[in-house]
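Please read these numbers as outputs of a predicted model, since none were measured by experiment.
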Amino acid sequence: MNFGLYFLSKNLLRIVFFSLVLMFSCSVKAQTQENPALLRKQISSSTNTTQKIALLLRLSNYYITKKGELKADLDSAAILNRQAKALNMKSGDPLSAGKIIFLDAKIDKERGRKTIAFSNMKQALSYFEKNHFKEQAGEAYNELSYMYDNKPEYFDTKIKLKEKALELFKNSGSKLNQAGVLKDLGELYYIKENADKALGLLKQSLSVYQSVKFRELQSVYNLISQVEIQKADYEEALRYGLLAEKTAESVNDYSLQMCSIYSNIGMVYYYLRQNDDAMKYWEKSLATAKKNKDNGYIRTVANNISTMLIRQKKFKQAITMIQEYREKYPIVDQNFEMSENYILFSTYTILKQFNEAEAYYKKLVAYYGENAEKNNQQASLLRSFVFYHYQTRNFDKMYREARLFDSIAKNNGNDMLRSENHLMWFKADSIQGKYLDAIQHYQLYKKLSDSVFNGEKSKQINSLKIQFETEQKDKNIQLLTQKAKLQDIKIANDTFIKYVFIGSILALILFAALLYNRSRLKSNANKNLELKRKQIDEQNEQLKKLLSEKEWLLKEIHHRVKNNLQIVISLLNTQSAYLDNEDALMAIQNSQHRMHAMSLIHQKLYQSDNLSMIDMSWYIYELITYIKECYSSERKINFTVDTDKVFLDVAQAVPMGLIVNEAVNNTVKYAFPDDRKGEVFVSFKNTGEDLCELMISDNGVGLPEDFNIEETESLGMNLMRGLTDQLDGTFHLENKGGLKVTITFRKNTEITPSN
């Protein structure tokens with residue numbers, strides 16, 4: 001056996017996998033399972049302030065934990081948090097106030113503003129503790145632990161913070177949070193290479209998760225498997241690794257977590273020297289990493305594959321693969337760069353190219369220390385340093401580091417590492433002639449090696465593999481059975497479709513025959529219809545001519561009526577020249593005004609295209625203008641006209657026009673004696689549901705206090721009341737600060753305006 005090659009590959013795999021663990025700890029962010037569209041809808045419809053604040057905070061947390069760390073998402077989270085804060089200033093809910101500070105700290109953390117994030121998180125923590133919010137205080141301690149970098153010098157601080165969080169979660173009864181913190185603590189102790197402590201914490205986490213029937217346990221199983229690898233208990237490592245794979249598949253998790261699971265199982269098989277299985281899982285891991293487009297994972301798994309190439313003595317191919325992946329999938333991570341430097345150092349040591357190996361050895365010593373005491377990679381690196389000193393025949397350094405390495409491996413309970421260390425020790429003693437020491441170290445090598453690879457363990461490991469493969473085969477058989485059933489269903493469906501197709505063709509033929517017959521009947525019907533259409537068109541042309549003639553005649557009638565009224569007005573005007581009686585002159589003048597009011601209607605009818613309806617807004621304006629001209633009252637009386645565009649037929653327009661004429665004439669003649677100035681307001685409005693309201697008011701002297709409309713002999717008043725009855729309306733007088741005449745009636749809708 002090429003001892004150097006085997007042990008090199010084993011240790012560089014460990015250091016590469018530690019890089020994977022650190023990257024996974026840094027990159028995984030607990031995405032909140034929320035529906036943002038639904039939350040926004042609930043926020044907009046919520047009328048309860050406390051509920052609305054809670055929804056705003058949930059949506060803000062969704063954007064903070066959303067994958068991708070986009071600036072737009074963090075801006076949205078900040079806006080939502082400010083809205084919650086503004087609402088909470090009114091409601092004064094103490095728990096929401098603390099959550100707002102907490103989310104502000106998380107936003108600052110995601111923006112990279114560490115100092116502000118630390119300050120806000122400590123403020124939130126202090127607030128939660130002061131108000132005895134135990135679960136929220138636990139969340140603050142846990143979140144504060146994530147704010148420290150994943151560097152070894154911060155591990156103890158992170159552990160203390162998580163232990164405080166764990167205590168608070170236990171006191172508050174928050175089981176899921178307890179399990180999550182226990183898992184994180186187990187991972188931290190695993191990275192610190194305290195395997196026993198890590199395993200105890202992870203199994204506690206698993207127990208708590210199972211107590212609340214939490215299904216997504218793949219990450220816990222995977223971490224337990226990694227710790228068992230650290231302890232060199234490959235039977236348990238394989239069992240938990242396969243459990244992690246099975247669980248992930250059952251919940252359809254093919255994220256980067258699955259990449260870690262595949263890589264871990266591949267490592268177990270690698271240590272068991274089952275190379276084909278190892279490569280199968282690493283290739284699946286690499287494909288998953290590429291699918292998720294994560295350069296760190298891609299490089300990590302590629303480095304693992306390169307160790308297999310080294311085991312197969314394909315050294316140049318392994319070196320080329322590392323260099324190509326460095327160029328194609330760049331990442332900025334010094335710890336990861338050192339893991340690849342470690343592979344290159346170990347490879348050049350095997351090849352006995354000591355100049356190249358020495359350059360990488362110096363880089364590793366500068367980063368990890370001469371005894372690899374820095375950055376928690378001692379157990380992984382020391383053995384390669386031992387091998388390097390053995391190859392370069394620097395036995396003093398080799399013995400010193402071999403003793404240190406044996407002590408560390410013994411504390412971790414890793415008999416595999418100890419056995420290989422004593423084998424190298426045996427070779428070094430043999431070269432130097434220390435045969436008694438050599439025999440002692442060889443005996444230790446055999447004893448420790450046998451404890452790892454005894455026959456019973458091999459059987460158990462193979463049993464686990466067979467059990468897992470049997471389950472996979474059972475799944476495949478079930479899939480094949482389902483496929484066969486689907487195939488039978490498909491054949492039955494195809495047969496059914498064939499008969500349906502034949503029936504459809506027959507139906508189409510019958511349908512075509514019916515269509516042909518229908519077409520002939522339709523053709524004959526169309527011919528008859530065409531003849532009737534021509535007859536109808538001829539009749540329509542005749543009707544159009546008759547209608548045109550009728551319209552022309554109506555216009556001519558309206559024109560002649562208007563002219564006749566104008567003639568009567570002129571005759572009355574001539575007659576008035578021979579009269580000296582004021583009452584007679586006034587009567588003639590009133591009659592002229594009434595006739596002019598009627599003539600305006602006929603004038604509008606023959607001038608417009610609509611022979612049945614009058615636009616009353618135009619009509620009232622024209623009538624008021626005429627009255628103003630008759631009395632030359634522009635200077636002393638100001639008229640205000642406010643009318644809607646209301647159309648009335650002739651039957652309503654004539655009495656309406658006469659009412660306006662009477663009311664305005666009376667106002668001009670009597671409301672403002674002695675040339676007083678005044679205001680006259682004329683309004684005609686459509687008040688809804690075909691109701692119309694005419695209102696004529698002034699600020700003149702009004703009616704006498706003893707005026708009684710029922711006993712009055714005034715022709716104008718009686719005429720207006722009579723015309724109102726003709727409209728089926730109501731007549732109302734208001735004698736206060738002037739006179740206001742209000743008439744309300746329903747518009748005739750039997751004839752509607754065409755334009």
Is the F133 ring parallel, tilted or perpendicular to the F128 ring (thresholds 30°, 60°)?
perpendicular
Let me see the working for T742 and E734 under side-chain contact (heavy atoms from CB on, under 4.5 Å), right down to the final yes or no.
CA-CA 8 Å; T742 305; E734 184 178 340; 5.9 Å; no
Go through the steps for N48 and S46 under the test side-chain hydrogen bond (donor to acceptor under 3.5 Å, both in side chains), then give the verdict.
CA-CA 6 Å; N48 184 294; S46 177; 5.8 Å; no
Kindly write out the residues that satisfy ring pair (Phe, Tyr, Trp, His ring centres under 6.0 Å) with F214, not counting sequence neighbours, or none if the list is empty.
Y209
State, to 0.1 Å, how close Y254 and N292 come at their nearest heavy-atom pair, and which atoms those are.
O-ND2, 3.5 Å
Heavy-atom distance under 4.5 Å between the side chains of Y141 and E129, does that happen here?
yes
As a quick check of understanding, evaluate side-chain contact (heavy atoms from CB on, under 4.5 Å) for K114 and M147, giving each step before the final call.
CA-CA 8 Å; K114 287 189 177 180; M147 291 185 175; over 6 Å; no
Checking side-chain polar atoms at under 3.5 Å, does D104 have a donor or acceptor matched by the opposite partner on N120?
no
Closest approach of S60 and A77, non-hydrogen atoms and distance?
OG-O, 2.9 Å
Rounded to the nearest 0.5 Å, how far apart are CG of N748 and CD of Q652?
5.0 Å
Any pair with a residue in residues 87-122 that passes ring pair (Phe, Tyr, Trp, His ring centres under 6.0 Å), sequence neighbours left out, goes on the list, sorted by first then second residue, please.
F118-Y148
Could you check whether any side-chain N or O of N88 sits under 3.5 Å from a backbone N or O of D93, counting only pairs where one atom can act as donor and the other as acceptor?
yes
If you measure from CD on E216 to CG on N252, what distance do you get to the nearest 0.5 Å?
10.0 Å
N81 and I100: which non-hydrogen atoms are nearest, and at how many Å?
ND2-O, 3.0 Å
Answer yes or no: does atom NZ of K685 have more than 12 heavy-atom neighbours from other residues, nucleotides or ligands under 6.0 Å?
yes
Any non-hydrogen side-chain atom of T724 less than 4.5 Å from a side-chain atom of I659?
yes
Distance-only side-chain donor-acceptor flag, S255 / D253, under 3.5 Å:
yes
Assess the residue pair L648 and F684 against the criterion (side-chain contact (heavy atoms from CB on, under 4.5 Å)); give the C-alpha distance rounded to whole Å, side-chain angles, the decisive distance to 0.1 Å, and a yes or no.
CA-CA 12 Å; L648 298 179; F684 184 57; 4.2 Å; yes
Backbone of A663 reached by a side-chain donor or acceptor of T667 within 3.5 Å:
yes
Taking the side chain from R111 and the backbone from A117, do they hold a donor-acceptor pair closer than 3.5 Å?
no
Determine the minimum heavy-atom distance between I614 and A653, stating which atoms define it.
CG1-CB, 3.9 Å
Using modelled atom types and a 3.5 Å cut-off, is there a donor and acceptor pairing between side-chain atoms of T687 and backbone atoms of L691?
yes
Would you say the side-chain atoms of Y127 pair up with the backbone N or O of P94, donor to acceptor, closer than 3.5 Å?
yes
Surrounding NZ of K85 (heavy atoms of other residues, nucleotides or ligands, distance under 6.0 Å), is the total greater than 12?
no
Carboxylate-amine/guanidinium contact R721 D725, below 4.0 Å
no
Does some side-chain heavy atom of Q726 sit less than 4.5 Å from a side-chain heavy atom of V654?
no
Could you tell me whether the side chain of M720 reaches within less than 4.5 Å of the side chain of N666, counting heavy atoms only?
yes
side-chain hydrogen bond (donor to acceptor under 3.5 Å, both in side chains) assessment of K106 paired with N61
CA-CA 9 Å; K106 290 179 73 173; N61 192 53; 2.9 Å; yes
To the nearest 0.5 Å, tell me how far Q123 CD sits from M121 CE.
11.0 Å
Heavy-atom donor-acceptor pair, S44 side chain to K41 backbone, under 3.5 Å
yes
Quick one: does T49's side chain get under 4.5 Å of K90's, heavy atoms only?
no
I'd like to check F672 versus N699 (side-chain heavy atoms, cut-off strictly below 4.5 Å). Are they in contact?
yes
Which distance, rounded to the nearest 0.5 Å, do you find between the CG of L59 and the CD of Q42?
10.0 Å
Ignoring hydrogens and angles, tell me if any N or O in the side chain of S519 forms a donor-acceptor pair with the backbone of L515 under 3.5 Å.
no
Measure the shortest side-chain to side-chain distance between K628 and V680 over non-hydrogen atoms and say whether it is less than 4.5 angstrom.
no
For G138 and A165, the nearest pair of non-hydrogen atoms, with its separation, is O-CB, 3.3 Å
Has N735 got a side-chain atom pairing as donor or acceptor with L703's backbone, closer than 3.5 angstrom?
yes
Report the distance from atom CD1 of I536 to atom CD of E541, rounding to the nearest 0.5 Å.
13.0 Å
I would like to know whether I79 and Y63 meet side-chain contact (heavy atoms from CB on, under 4.5 Å); could you show each step before the answer?
CA-CA 11 Å; I79 291 168; Y63 283 113; over 6 Å; no
Inter-residue atom distance K122.NZ - I101.CD1, 0.5 Å rounding:
15.5 Å
When you check the gap from the basic side-chain N to the acidic O, do K527 and E530 get nearer than 4.0 Å?
no
Heavy-atom neighbours of R518 CZ exceed 12 at 6.0 Å:
no
Close side-chain approach of D642 to V682, heavy-atom, < 4.5 Å
no
Check for a donor-acceptor pair, side chain of D644 on one end and backbone N or O of N686 on the other, with a separation under 3.5 Å.
yes
Could you report the tightest heavy-atom contact between F731 and I743, atom names first, then the distance?
CD1-CG1, 3.7 Å
